[in-house]
Amino acid sequence: MSVTDFWTPFELNSFLNALFIGLSIASIWLIAAVGLTIIYGTMGVINMAHGELIMLGAYTTYVLQTFFYIPFLLCLPLVFIIVSIFGLFIERTIIRRLYNRPLDTLLATWGLSLILIQGVRVIFGTAPKYVSIPSWLNFQVSLGFLHLPGFRLFIILATAALIFATWYIAYRTTWGIRVRAVMADPDMASSFGIDSNRIYSITFAYGAGLAGVAGALFGGLKTLLPDMGSGYIVEAFLVVVVGGTQLLGSIFSSIILGELASIFSYFTNDTFARFVLFTLIVIFLRFRPQGLITEGMKRR
Amino acid sequence: MLRLVDVTSYYGKTPILHGINIDLKKGECLCVIGRNGVGKTTLMQTVMGLTTRIDGKISIDGEEMTQRSTAERAIAGLGYVPQGRRIFGKFTVRENILLGTFARQGIKAQIPEICLELFPYLRENLDKKAAFLSGGQLQQLAIARALATDPKILLLDEPTEGIQPNIVEDIYHTLVRLNKNIGITLVLTEQHIKIAKSLSDKFIIMDTGRLVHSGTSEELTDDVVNTYLSI
Amino acid sequence: MSANIYHNRKAQWLAYIGLFCLLALVPALFDSPFLLNQLARYAVFAMLAVSVSLVWGYGGILSLGQGIAFGLAAYGMGMTMQMQFQDPVSDPVPSFMLTNDLSTLPLLWEPFWSTPIGLALTIAVPTIFFIGFGAMMFQARVAGVFVAIMTLAMLAAWYAMAYDMQPFTSGFNGISPPMPFEFAGVSIDPYSPTAYLICVGFLAALTLSAKLLMQSKFGLIVQAIRDDPERVRFLGYNVAYYQVIVFAISGFIAACGGLCWVMVVQYVSPTSLELTLSVSAVIWAAVGGRLSLLGAILGAYLVNGLQSYMGDELQDVWMIVLGSIFIGVVLFLPRGLVGLIEDALGYFTGKSETETSGVAIERAV
Amino acid sequence: MTITRRSLIKRSSALALALSTPAIFRPSSARAQPWISKNGTIKLGVLFSQSGPLAVVENDSTQVVLFAIDEINANGGVAGMQVEPVVIDAKSDVKVYSEKISQLILSDRVISTIGGYTSASRRAVAPFVMARDHLFYYPTCYEGRECTQNVICTGPLANQHSQDLIPFMVQNFGKRVYFVGSNYIWPKESNKVARVWLEKVGGEVLGEDYVPIGGSEFAPIFNKIRQANPDFIFSTLIGDSDVAMHKQFLSEGFKADKMPIASLTTGEIEVRAMGAEAGAGHFLSAPYFQALDTPTNNRFVEKYLGSKYGGGGVTHYNMEETYLAVYFWKAGLEKALAQTGDIEAITPRMIRDASGGVTIGDEISPEGKVWIDPDNFNMWLRPKIGQCQGDGQFKIIKVADQHVGPNPFEIYPDRGVCKADGLHTPAGAIQKGVL
């Protein structure tokens, strides 16, 4: 019945709005996935605890807001720093021992995610928490029939800003040259005095920090629960893999997936949309396991 | 300058080099000779710290290097031009050379004049993607990149392999200049006996991971070549 | 090199048979229906762990989608049991369908009127699906992480399907057949020794056959593919063929697990298709030792036993403990707990343990 | 039995070893034991999730059961005996529910069990509860259309929820409604019932959407809602999704006074999670509100929040229904004892049979007098409509004039009528254990 009962009739304005909303969904998937893309693309590490880093970001925002009365906008950089430091800690204690063993990183980080979920549960209890967003973000943008809430727009802009910052760091700074060198050929990079371990640490911390910011933003859309991160991990991975583990690829894949999700759920419902989407992804990966964009990336 | 004492080197658990001894003075040029697959590249990688495990001792300028990481060795003054160049194709020429400067002491992120002076082509094409360079140009870039690290010792693995003859000559002159005029110690592996003989002060011959013969370049006679290198 | 008794095939078979005899003796020793039911559940988990050990430990394919076979089979069994309860004349349509606007039995459900056909479908559908899915992946030479991600996406798709197709599957609520499974006129109480012994019997039969298979030429090739697929390909073997077969067999084992599961819990819901269950199976196998079927079984019993019997004070931190154990195993004991046993046996009966452990990975038990 | 055994023997010699020992043919000796022994305590199973996503609600349920048991024990216990709760954490996992219910019944031998918040957990325990003739109290709202002899539900059924709410909303806001719910049976059933009531008052359903449990992306749905522009939204979302929807409702620019959400779930605890700002102005139909101004409720709220169990800071309908479940159990047990006279002879089934018609009066029940329907063993209650205020509390707008009876098969009259002994079908058969 779920398919047939309410097969929404096609209506142009509303459909265009659905496309517009697709972009909004895409920005959420993208910001959830961008840290993962960087970590996986650079280090070959499958970080199953990425969703939990998002969760930590959300809880950090909650703590900063509730106990230190820090305004939301200021929370974002602070969350980035705090979660980065935590990421650094994880990298030094666990991830570092597992380079060149990608499947093992997948398993170890799954264990880590269990610890983080339960740890947060023990500290904050089971009751949900929430992040309040500043009231000036409670506006709506209306462009004719197109409609977008201010906070969504804020997320889109924040995502764009973070992507731009990441791109700038990667392609316009000497630091970026180092990271890309390690990505392309770790041995050669180290022959030029680049300490790949240090690059990995900082890259991981950076990816973790991005996840933290994503969490801070998601806190404005939904409740904070210790296991909120697990809801993002599958989508984030699919964005990364479909995109081909590159920044540009992730942008394209999140837009495509976000639009498809929006269009499917426009015509049917959210659950069925997921089924169709996941099946399409499996088929896509069968024919293009290297993802959408593959330019010269060295796989491990 | 570069000293290897009884060095054994491993990939995984398998030893590839056995008990290598080398002693090289400042400004000397050593040529490593041997057939394909006898461990010449491994020797380079061992010096650079790119193998899994090393027994024995490696020192540069008296400074102990055996347990140091590759990056630390590069900073200590080892420059590396690997076999097949291993240029970063997605990087521009400028970025490739800049990579080298990260191993410098002092000023970084600035391309040293010497790199561009030696290879005018690179100066004119700094913003070109390295993937579009020809083999000889890539080799020039690889040498420029290694020079950017301000090396005391330059390791060159097959610098003339797969390059058209006129450029081989260019590279030969460049190496002479680096060694004789600037005083950089060179270690190179070379298939062309002629080049090896005229460029180097010393040679060693390797076979199946062992050092089987060594001497000054005058001692690299046809007899020696026939004994160790004939097929 | 011969000395470590751990690598002695006779000793291995003795250990396997010993374990199953021990398990089979439980009903004689303990007169507790609850315990039997609980241990029957563990036996089912052990089947899942064995399926993971086979596909990952031996085949080198990390599948996060073992739950697909488990869940599909669980639904098959749930449907079979539900239809045993329905009456063809007076009450042909399960209650949840009537409230989902289905007044006649959907075609999908019709075959389940017959218990033998239902059981056959329960096992055949997941196995065939794994053959098809495996062929699709392995012929395209998908490997490593990408298999993990594709199986994960497929699992998520099936989960969404079971969840969304409410008139056919009862959705999130799941199907709870009101009566125990009946076979050949005998009702199998989930708490009875019979149900328990069926589960242990399945576990024993599947494990021993899998072990036999892995000692055969086929098994050696599968393990060679795990260690170096390219080399095996150059030797002229059709690598995809072997991978598909071992993947399908692991699906078959997981499907048997799903069948037994519904027999002992009388309930099936989309949670069988949740990622958590599939990853848990990987955890059990890894903790016990994925390179050994016996290790996987021990891992399943141990982790679940600890989870059930840990004191209340520790319940709060159980997930933390489990996560830490798991990280510890991945970091320090890649061969799992049986790796420790192997080293210990090597210490007492054989040569220096470092040498043997290096070999053990290649020559899995 | 023998056929199965024989065929098994053929299969595995390991099995034969076990079968040759006589122990397994012994009848289970446990059955002869009394459920309640005179010199012990009365054991009551408490099966809720204290960890995992469901703990948000179910943790409060555990606490309130312990609170009620403390209260009962302090007042002399049940039939002069103390009540001992056997608390188990179900970890929000249906596998654990199904495992632990058998532990409670078979190992701990509790006389009854109170537990569950989702229908999935109820259905996971149901087969065991029925097979062992146990008694399970399910203390929250559910969809109905079940007729078992071993479950007593102390929350409202779908029919009790909407019969006042829908007409009230239509009257005050308009006839055009949009349905949003979580994607499982209870919301779908509740919506079906709501449709029936809507038709009676001439309303119209503009759209119906379901999101996965835990889903929090509402942009596509709000897009459709904006297009349809209903007079109000009827929500049967649970948990996270409910909270996320209210928050996004605000940020999408909707106003509660123009297009309010009429909900069956958004109680005090949900409002606490979303922030009062997001909840303010919307409506809830429930039998109980914290703000209910009766002496019993004021006492209950004050006592509960002041006790060591009241850390949550609010009381809400789900919690109150759980509280009632404990008292219904006590009343049922005492009535069964009065009928048999011997406490050791009491079985769970006796309590269930005795519970038909049992009443809990104003003096104990915070929501006012309630009783158990002697036919289908759900609760008679008075649904109330509350509007959420800026402080997170509800203002009670309307209380049903009289008690509304539960009718599990209201919209399926051709399925039959649920009676104490089973579902009486129109064909005259009696089906037992209809799930």
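Quick note: numbers below take in every heavy atom, side chains included, and nothing from hydrogens, waters or symmetry partners. Proteins come first, then strands; the chains are lettered A, B, ... in the order of their sequence lines, and each starts at number 1.
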From A:Phe287 CZ over to C:Met136 CE, what is the distance, rounded to the nearest 0.5 angstrom?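 Taking CZ in A:Phe287 and CE in C:Met136, the distance rounds to 7.0 Å.
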
How long is the straight-line distance from CG of C:Leu331 back to CZ of A:Arg96, given to the nearest 0.5 Å?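 Result: 13.5 Å between the selected atoms.
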
Could you pull out the closest heavy-atom pair between [X] and [Y], with the gap in Å?
X: A:Leu103; Y: C:Gly144; result: CD2-C, 4.2 Å
X: A:Phe275; Y: C:Ala160; result: N-CB, 3.8 Å
X: A:Tyr40; Y: C:Val145; result: OH-CG1, 3.6 Å
X: C:Phe326; Y: A:Ala108; result: CE2-N, 4.5 Å
X: C:Ile327; Y: A:Leu112; result: CD1-N, 3.6 Å
X: C:Leu322; Y: A:Leu114; result: CD2-CD1, 4.0 Å

Is it the side chain or the backbone of [X] that comes within 4.5 Å of chain A heavy atoms, both, or neither?
X: C:Trp318; answer: neither
X: C:Ala148; answer: side chain
X: C:Ile283; answer: side chain

Check whether any side-chain heavy atom of A:Trp110 sits under 4.5 Å from a side-chain heavy atom of C:Val330, and report yes or no. no

Between [options], which residue shows the highest count of heavy-atom pairs closer than 4.5 Å to chain A?
options: C:Val142, C:Ile320, C:Leu155; value: C:Ile320
options: C:Leu62, C:Val282, C:Leu64; value: C:Leu62
options: C:Gly328, C:Ser324, C:Ala286; value: C:Ser324

Per-residue contact mode, [X] against chain C (heavy atom under 4.5 angstrom):
X: A:Ile94; answer: both
X: A:Leu106; answer: side chain
X: A:Arg121; answer: neither

Counting neighbours of [atom1] on [X] that are heavy atoms of other residues, nucleotides or ligands and sit closer than 6.0 Å, is the number greater than 12?
X: C:Gln139; atom1: CD; value: no
X: C:Arg231; atom1: CZ; value: no
X: A:Phe252; atom1: CZ; value: no

Among A:Ile281, A:Val282, A:Leu285, side chain to side chain contact (heavy atoms under 4.5 Å, CB included) partner for C:Met154: A:Val282

Side-chain donor-acceptor distances from residues 223-242 of chain A under 3.5 Å, at least two apart:
| residue | atom | partner | partner atom | Å |
| --- | --- | --- | --- | --- |
| A:Ser230 | OG | A:Asp227 | O | 2.7 |
| A:Glu235 | OE2 | A:Arg274 | NH1 | 2.8 |

List the residues meeting ring pair (Phe, Tyr, Trp, His ring centres under 6.0 Å) with C:Phe129, not counting sequence neighbours, and say none if there are none.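 Here the qualifying residues are C:Phe133, C:Trp158.
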
